[in-house]
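Reminder, nothing fancy here: chain letters follow the sequence lines and each chain counts from 1.
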Amino acid sequence: MHTDSPIIETEHLTRRFGDFTAVDNISFDVARGEIFGFLGANGAGKTTAIKMLIGLLLPTSGTASVAGYDVFTQPEQIKRNIGYMSQNFSLYNDLTVAENIQFYGGIYGLRDDEIARKTGELLELLQLTGVRDRLIRDLPVGWKQKLAFSTAIIHEPKIVFLDEPTGGVDPVTRRQFWDMIYEAAERGTTVFVTTHYMDEAEYCNRVSIMVNGKISALDTPAGLKTQLKASDMNEVFVKLARGGGGV
Amino acid sequence: MNAVTAQNLTKAYGSETALNALNFEVREGELFGFIGPDGAGKTSLFRILTSLLLPDSGQAKVLGLDVVADYRELRRWYGYMPGKFSLYQDLSVEENLHFFADIFGTSVEENYDSIKDIYRQIEPFRTRRAADLSGGMKQKLALCCALIHRPRILFLDEPTTGVDAVSRVEFWDMLKRLQANGLTIIVSTPYMEEASQCDRIALLDGGTILETDTPEGVSKRFDHPLYAMKADRQYQLLKALRMYAFTRSVYSFGEYLHYTDIRSDFRPEWLREDLAMLEFDQIEIKPVAPGVEDRLMELMEAG
C-alpha cells in the first residue's frame with residue numbers, strides 16, 4: 001500500500017504575505033493510502049498550507065506535488081483529482097439531497113449515467129433514500145456531514161482533504177464519521193485531515209504538528225508520545241504548541 | 001438564591017421541537033455547563049435565557065427576573081457571548097470595546113480592572129480591525145466586550161468550538177478566574193473533556209436534558225465494568241468486536257477502544273483468548289474509569 005511514490009511531496013514549501021511568513025519552509029511526504037493528521041494551533045499556518053496543496057494558493061517558494069501534479073504549474077489538474085470537504089460542509093442549502101449529489105457529480109466531470117448510478121448508490125449507502133427530495137437546510141448536521149464527505153469523494157479521488165470535518169457533531173456521529181474515513185482508507189484513498197479533537201489524532205497513521213508556520217513534529221501517534229514523554233496526543237499537542245520547540 | 005431557574009421551558013420551530021420541557025437550576029456563583037452536540041438545543045436555550053427569544057411555554061428566571069416580563073431590567077445584568085462571532089468586524093479592538101461600554105452607559109476606564117487580565121493579552125493589537133484578529137484573539141475580545149458592563153451572570157455559547165486544544169485550556173483558566181471573582185457562568189460546549197471543568201453539567205440531546213449532576217456524578221452513573229483495549233490492528237479490532245456475540249458496547253476512544261461485555265461474570269482473559277484466535281496480536285485489556293462521554297453515548301444509544 002505504501003510502496004508507490006508519495007501522493008504528497010513537499011520540499012521547502014513557503015508562503016509569505018508581505019513580511020509575514022505563514023508557512024515557513026516545510027518539507028514532508030504523505031504515503032498513498034495513509035490517514036494523515038495535519039494538526040496545529042489556530043494561526044499556525046495549517047489553512048495556508050492546505051490552500052497551497054489543493055491548488056487554491058500559489059506558494060512563494062519551494063516545491064510541492066499532489067497526486068502527481070505540480071502546485072505551481074498544474075493547480076487545475078490538482079483540483080480535478082482531489083476531494084475536499086471544508087468545515088462548513090459546502091453543500092447547497094437550497095438544493096435537495098439528490099440535487100447536491102448530482103451537482104457535485106457534474107462539477108467533477110462524471111457522465112450523466114455515472115451520476116445517476118452514483119446518486120442511487122450513495123442514497124442507499126447513507127440511508128438517505130427516504131429524504132432524497134428534502135432540502136439540505138432541513139437535514140440534521142450528522143447527515144449533512146456524511147453527505148458532504150460522500151460528495152467530496154464522488155469522483156473517487158486518490159486523496160481527500162478534510163478540514164475539521166467533525167466540529168460540533170455528537171460523540172456517536174463523530175465516531176460513525178471516522179468509520180467512513182477508515183473505509184475510504186481501506187479502499188486505498190489517502191485521507192488528509194485536520195481536527196481539534198485530540199482523540200481523533202490517535203486514529204491517524206501519522207500526525208504532523210505545525211507551530212508558527214513550521215512542522216515541528218511528524219511521526220506516528222505512538223512515536224510522538226514516546227518522543228515527548230506524553231501519555232496522550234493532547235499532552236503531545238500542548239507540549240509542542242505551548243513550548244514552541246521542535247522535536 | 002438560584003441564579004437561574006427554568007420550569008418546563010419549551011420551544012418549537014414549526015413542527016421541530018427545539019426544547020422539550022426543560023427543568024433545571026443554576027446556583028449563584030456556579031460554573032455550569034450544557035454539554036451536547038449541534039442541534040441539541042443549546043443556542044435556543046441561551047437565547048431564551050438572555051430574553052432574545054420567547055419560549056412557547058414554561059418559565060425561566062435569571063437573577064430573579066422573569067426572562068419575558070422583566071427583560072429590560074435583565075439585559076443590564078448579563079453578559080452574552082454568542083456562538084457566532086458578533087462583534088463589529090470593521091471596528092478596531094478598542095473601538096469595539098468602547099462601543100459596548102457606551103451602549104451599557106458606562107466606560108472602559110470605569111471598568112478596566114474587571115477585564116484587564118484578559119484585555120492585556122490583546123492590547124498590543126488595540127488598533128487592529130476585529131476582522132484581522134486570529135481566532136484566539138477574537139475570542140478574548142468577545143469575552144472582554146461581554147464583561148465590560150460588569151454583568152453578574154455570563155452566558156457563553158460554545159466559546160471554544162473550533163479553537164485549538166492549547167487555547168481551550170487557556171480559555172477555561174480565564175473562566176475559573178472570573179468565577180473566583182463571584183461571577184455565575186453558564187457555558188455550552190461540544191467538547192466532552194471540558195465537562196470536567198464545570199461544577200455541574202447538564203447533558204442535552206434533541207432538546208431534552210438527559211441528566212444533570214457534577215461531572216463525577218454523571219460519570220459514575222455508567223455502571224457497567226468498562227475496559228480499555230487495543231491490539232496491533234485497531235480498526236479491525238473495532239470491527240471484530242462489533243460482531244462479537246458478547247459485546248454490549250464498543251467505541252473508539254483515542255488510542256484505545258472502550259468496551260463493555262454482556263456477561264455478568266466476564267473475565268478479560270476470555271476475550272483475550274477469543275481475540276488471539278482471530279489472530280490479533282499485542283492485545284491489551286485493562287479496566288478503565290468511565291467518563292462523561294461514555295455516559296452520554298450510553299444515554300444516546302438508549303434513547
Would you please go through residues 214-244 of chain B and name the residues with a non-hydrogen atom below 4.5 Å from one of chain A, in numerical order?
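The list, in residue order, reads Y235(B), Q236(B), L238(B), K239(B), R242(B).
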Can you name the closest pair of heavy atoms from S252(B) and Y203(A) and give their distance?
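Looking at all heavy atoms of both residues, the shortest contact is CB-OH, 3.2 Å.
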Indicate yes or no: at least one non-hydrogen side-chain atom of [X] is less than 4.5 angstrom from one of [Y].
X	Y	answer
E193(B)	M198(A)	no
R168(B)	H196(A)	yes
D232(A)	E255(B)	no
F253(B)	P171(A)	no
V172(A)	E301(B)	yes

Can you tell me which portion of [X] sits under 4.5 Å from chain B's heavy atoms? Options are side chain, backbone, both or neither.
X	answer
S231(A)	backbone
E200(A)	neither
D179(A)	both
F237(A)	both

Tell me, side chain or backbone of E16(B) under 4.5 Å from chain A's heavy atoms, or both, or neither?
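For E16(B), there is no contact with chain A at all, as no heavy atom is under 4.5 Å.
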So what's closer than 4.5 Å to chain A heavy atoms on M137(B): side chain, backbone, both or neither?
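Contact with chain A: none, neither part.
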Per-residue contacts, residues 143-151 of chain A versus chain B, heavy atoms under 4.5 Å
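Residues qualifying by a heavy atom under 4.5 Å from chain B are absent, so none.
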Heavy atom to heavy atom, less than 4.5 Å: which residues from residues 38-53 of chain A reach chain B?
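G40(A), A41(A), N42(A) fall under the 4.5 Å cut-off.
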Could you measure the distance from the OH atom of Y191(B) to the CG atom of D199(A)? Nearest 0.5 Å is fine.
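Going from the OH atom of Y191(B) to the CG atom of D199(A) covers 10.5 Å.
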Roughly how far, to the nearest 0.5 Å, is CG of D38(B) from OG1 of T173(A)?
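Taking OG1 in T173(A) and CG in D38(B), the distance rounds to 10.0 Å.
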Just grab all the side-chain hydrogen bond (donor to acceptor under 3.5 Å, both in side chains) pairs involving residues 137-146 of chain B, residues at least two apart or on different chains.
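Found Q121(B)-K140(B).
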Do you know which of R174(A), E202(A), R175(A) has the most heavy-atom pairs under 4.5 Å to chain B?
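Ranked by heavy-atom pairs under 4.5 Å with chain B, first place is R175(A).
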